[in-house]
**Q** 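After the C-alpha cells below, expect a handful of questions from me.
In what follows, every chain begins at residue 1, and chains take the letters A, B, ... in the order their sequences are listed.
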Protein chains: 2
Amino acid sequence: MAITIKDIANKAGISAASVSRILTNRGRFSEETAHRVRELANEMGYFKNQSAADLSQKSSRVVGVLVPITHTNFADEIIKGMQSKAYELGYELLIAFVETTNQQQIKTVKSLLSRQLLAVVMLAIDIDDTVLAVLKSADVKLLSVSNQLNNDIPSISSDNYAMMHTIVDYLYDHGHRQMALIGSSDPDPIVAILRRRGFIDALTDHGISYNPDFIWGVDMTYQTGLDAIKKFGLPLPFTAVIGSADIISIGLLNGALDAGISVPSNLSIVTVDGTELTQLTRPILTATQQNFAKMGELAISNIANESLSSHSVTFTDITLIPAGTVTTIV
Amino acid sequence: MAITIKDIANKAGISAASVSRILTNRGRFSEETAHRVRELANEMGYFKNQSAADLSQKSSRVVGVLVPITHTNFADEIIKGMQSKAYELGYELLIAFVETTNQQQIKTVKSLLSRQLLAVVMLAIDIDDTVLAVLKSADVKLLSVSNQLNNDIPSISSDNYAMMHTIVDYLYDHGHRQMALIGSSDPDPIVAILRRRGFIDALTDHGISYNPDFIWGVDMTYQTGLDAIKKFGLPLPFTAVIGSADIISIGLLNGALDAGISVPSNLSIVTVDGTELTQLTRPILTATQQNFAKMGELAISNIANESLSSHSVTFTDITLIPAGTVTTIV
DNA sequence: TTGAAAGCGTTACCAA
DNA sequence: TTGGTAACGCTTTCAA
C-alpha cells in the first residue's frame, strides 16, 4: 500500500486536511508545521494520487495532445513548445498517439477523455468526423495546431496562403516563371486549399497563368516527391517546384538526382516546414520555416488565457531561409 | 456537470452498482438491462471517469512511457509496437516526453507517477541517477527498451555485441580490413560499451589489430558524422565506417560528399538502426536494422505476463539490409 | 440478477 | 492556523 496523506498526517500528529493544504500550497498554515510535513513527505516517499485529486477537484489542469502516429517530424517541435509553456504555467500534458484505423482512434480518444481534461490539442490532424463528434460531445476545449479544421474549432498555424505568396515571389524574383506545387492537391484539408489558392493567386499577381497540372500529389510523403519527378518526366515542364513538406522535398530532390536532373541548375526546390531534415540533403534545402515551437507555446497560453473563441485563427511567423536549392534564371 | 453512472442508473431505474457491472463487463447481469444501459450511456454521452475508477480499484492497467525529447526517430516505431500490443491486451499508454534539465525531468516523472501506474517503460534513455531514484521509490515495474541500464532494471534491446560482429563480418567479407566505429565512444552507456567490445572482438576474430583512434564520436548526432570525416582527413585511414545511428551515418555520407570522397567507391558505410531515414540518402544506406516495433510489443507483453525478473535482458532480432553504401575491395 | 453501502485518496467548506 | 466532515464517481462485497 502506498503512502497517503493520512499516513503523513498521523505521523505528524495533525489532520489530513492540513497536510493537503500544505502540500498544495493552498489556504493557511504555519510555516513551522509545513516544514515538518514536507520533510515527512519526502522521507516516507509520498506520491500524490492525482486520480483522487482530480476526482475531488472540479477543474483540471491537464491538456490532452493528439499526435498522428504517422509521425510528421515537426510534431516534436510543437510538443517541445507546449511542454515548456505547460511547465511554466503549471499545466500537465497527456500525450496520445492516434492510429490510422477509426476504431482504434475512437478508443484512444475515449481513453484520453476519461481523464478529466481541460482541453484537447490536435496536432496536424485531419480528424475523422466520427472521432470529432466524440471529442465535441465531451466537455473540453478543443484546439487544432498546425492545421485548420473545417469546423468551429480554433486553430493555430502558419498563414499558409501568405506563405505561398512568399515562396512564389521569391522564385519569381529569381527569374522563375514555371512553377509546380507538390503535395497539396488533396481536396479536403483546409491547409491544402489555402496553399493552392495562395499559389494560384500569387502566380496571377505576377501575371502568370496557372497550369492545373502543376498542382499535383495528395500525400505528404517521400514517395509523392519521388513520383512527382517521374510523372512529369524529362524535360521537366517547370523550372521550380515547391514541396509541401520537407519529406516531400527530399523525395523531389532524390527523384531529380535519380533522373539525372541537377539541382539547382536544372531544377529549383523550395520546401515548406524547414525542420532539421532540410539540413540532411546536398544541397541543403531552401525552406520556408514555420515556427512550430511558437505554435506549441501559444496553444498552451491560449488555453490558459481562455482566449479561445471558436472560429479564431492564430498565425505564427514564417521565415524564408535561403540555402542551396534555388538558382537564378536569367 | 458531466454524466455519471448514477445519472444512467436513475434514468434506467436501477442502481449504480448494476450500471458499473454492465459497463465494465464484470459480474452478473441480464443481457436485457445491459442492452438498455449501454444504449442510455451512448445517448446521454457518458464518459467514464477513469480517475474515479483508478481510485476505486487497486490495480491499474496504465503503462507510463518516458520518451527522450531529443527525438530519436525510432522511438516512434517502438511506441507503435507498444500501442498495438497495449490495444490488444487492454492496457493504456501514458506517454511523457522527458526534457534535458534535471529539474524538469523530475517534475515530469513525478507527475507521471502520480497517476496510478502499473509500469514505466523508458525508451532509449540513459536516465539520471536522481530521476532513477524517484522511479525506484515508486511502486511500479520498470523496464528499459532499446537501452540497457547499469542497474537491476530489465531491458529489451538488440544484441549490440552480436550486431557489431555481424557488421564487421560483412565488411570483412567485402574485403575491408580498416574499419572505424563512429558515435559509440561515450564511456558510460552500456550500449556503447557493448558495441565497442563487439567491434574490437570481431576485428580480433579476423586477426585484425584494432586501432583505438578508429573508435570516435560521443554523441548520436548528425554533427558527429560530419565531424568524423573532417577529423580523419584525406586520405581516410580506413576503407569502411560504421555509423552508430542512422543520423550519424547521414552525417558521414554528407561529410564524405563535402570532402569529395565518393561513397561507396572510396568509403563504405554501414549504419545501425535502419529506420526510414536510410532510404532518404543517395546511395541508400546499407543498414543493420533493429526490430523496434517488436521491442515495443515485447515491452507490453512482458509487463502483462509479469515475466520481468530484474537483470533480465531480452534481445530482438537484427537484420543486415544490403543497399548502396558498401563496395567490395579486391 | 440486482441493490445498499463502504471505501479508494484528496480537497473544500465550515466550524473551532 | 487547524480539524472534522462531506463530497467527488466508481467498484466491490455482501445481502437480498
**Q** What I want to find out is whether B:R115 reaches A:D54 closely enough, with some N-O distance under 4.0 Å, to be called a salt bridge.
**A**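 Counted as a salt bridge, because a side-chain N and a carboxylate O are separated by less than 4.0 Å.
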
**Q** Is the phosphate of C:dT1, meaning OP1 or OP2, less than 4.0 Å from a side-chain N or O of B:T33?
**A** no

**Q** Quick check: does any side chain N or O of A:N42 sit under 3.5 Å from a backbone N or O of A:L40, one acting as donor and the other as acceptor?
**A**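 Not at all, since once roles are kept as given, no pair shorter than 3.5 Å links the two residues.
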
**Q** Closest nucleotide of DNA chain C for B:I22 versus for A:F47: which of these residues is on the 5' side?
**A** B:I22

**Q** Could you tell me the separation between the CG atom of A:L55 and the P atom of C:dT10, rounded to a whole number of Å?
**A**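 Rounded to the whole Å, the gap is 12 Å.
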
**Q** Within the 4.0 Å heavy-atom criterion, would you say B:S51 contacts the bases, only the backbone, or no part of the nucleic acid?
**A** nothing

**Q** Using atom CZ of A:R115 as one end and atom P of D:dC8 as the other, report the distance to the nearest whole Å.
**A**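 The answer, rounded to whole Å, is 20 Å.
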
**Q** So, are B:D129 and B:K136 salt-bridged, with charged N and O less than 4.0 Å apart?
**A**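 B:K136 and B:D129: not salt-bridged.
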
**Q** Taking the side chain from B:S301 and the backbone from B:E297, do they hold a donor-acceptor pair closer than 3.5 Å?
**A**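 Looks like yes, one N/O pair under 3.5 Å.
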
**Q** Between P on D:dC10 and CD1 on B:I8, what's the gap in Å once rounded to a whole number?
**A**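 The distance from CD1 of B:I8 to P of D:dC10 comes to 8 Å, rounded to the nearest Å.
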
**Q** Check the distance between D:dG3's P and A:F29's CZ and give it to me in whole angstrom.
**A**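 Spelled out: CZ on A:F29 to P on D:dG3 is 14 Å.
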
**Q** Does the protein touch nucleotides 11-16 of chain D at the base, only the backbone, or not at all? Give it as B, S and - per nucleotide, heavy atoms under 4.0 Å.
**A** BB----

**Q** Select from B:S15 and B:Q116 the residue whose nearest nucleotide in DNA chain C is closer to the 5' end of that strand.
**A**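 Its nucleotide being nearer the 5' end, the pick is B:S15.
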
**Q** When the distance from NZ of B:K6 to P of D:dC8 is rounded to whole Å, what number comes out?
**A** 7 Å

**Q** Would you kindly give the CG-to-P distance between B:N10 and C:dT2, to the nearest whole Å?
**A** 16 Å

**Q** Separation of B:N49 atom CG from C:dT10 atom C1', in whole Å?
**A**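 Rounding to the nearest Å, CG of B:N49 and C1' of C:dT10 are 13 Å apart.
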
**Q** What's the spacing between A:Y87 OH and B:E99 CD if we round to 0.5 Å?
**A**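 If I round to the nearest 0.5 Å, the distance is 8.0 Å.
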
**Q** Rounded to whole angstrom units, what separation is found between the CZ atom of A:R28 and the P atom of C:dA12?
**A**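 To the nearest whole Å, that distance equals 14 Å.
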
**Q** Side chains of A:S146 and A:F74, heavy atoms from C-beta outward: is any pair under 4.5 Å?
**A**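 Side-chain contact under 4.5 Å: yes.
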
**Q** Quick one about A:S114 and A:S111 (side-chain donor to acceptor, distance below 3.5 Å, no hydrogens or angles considered), yes or no?
**A** no

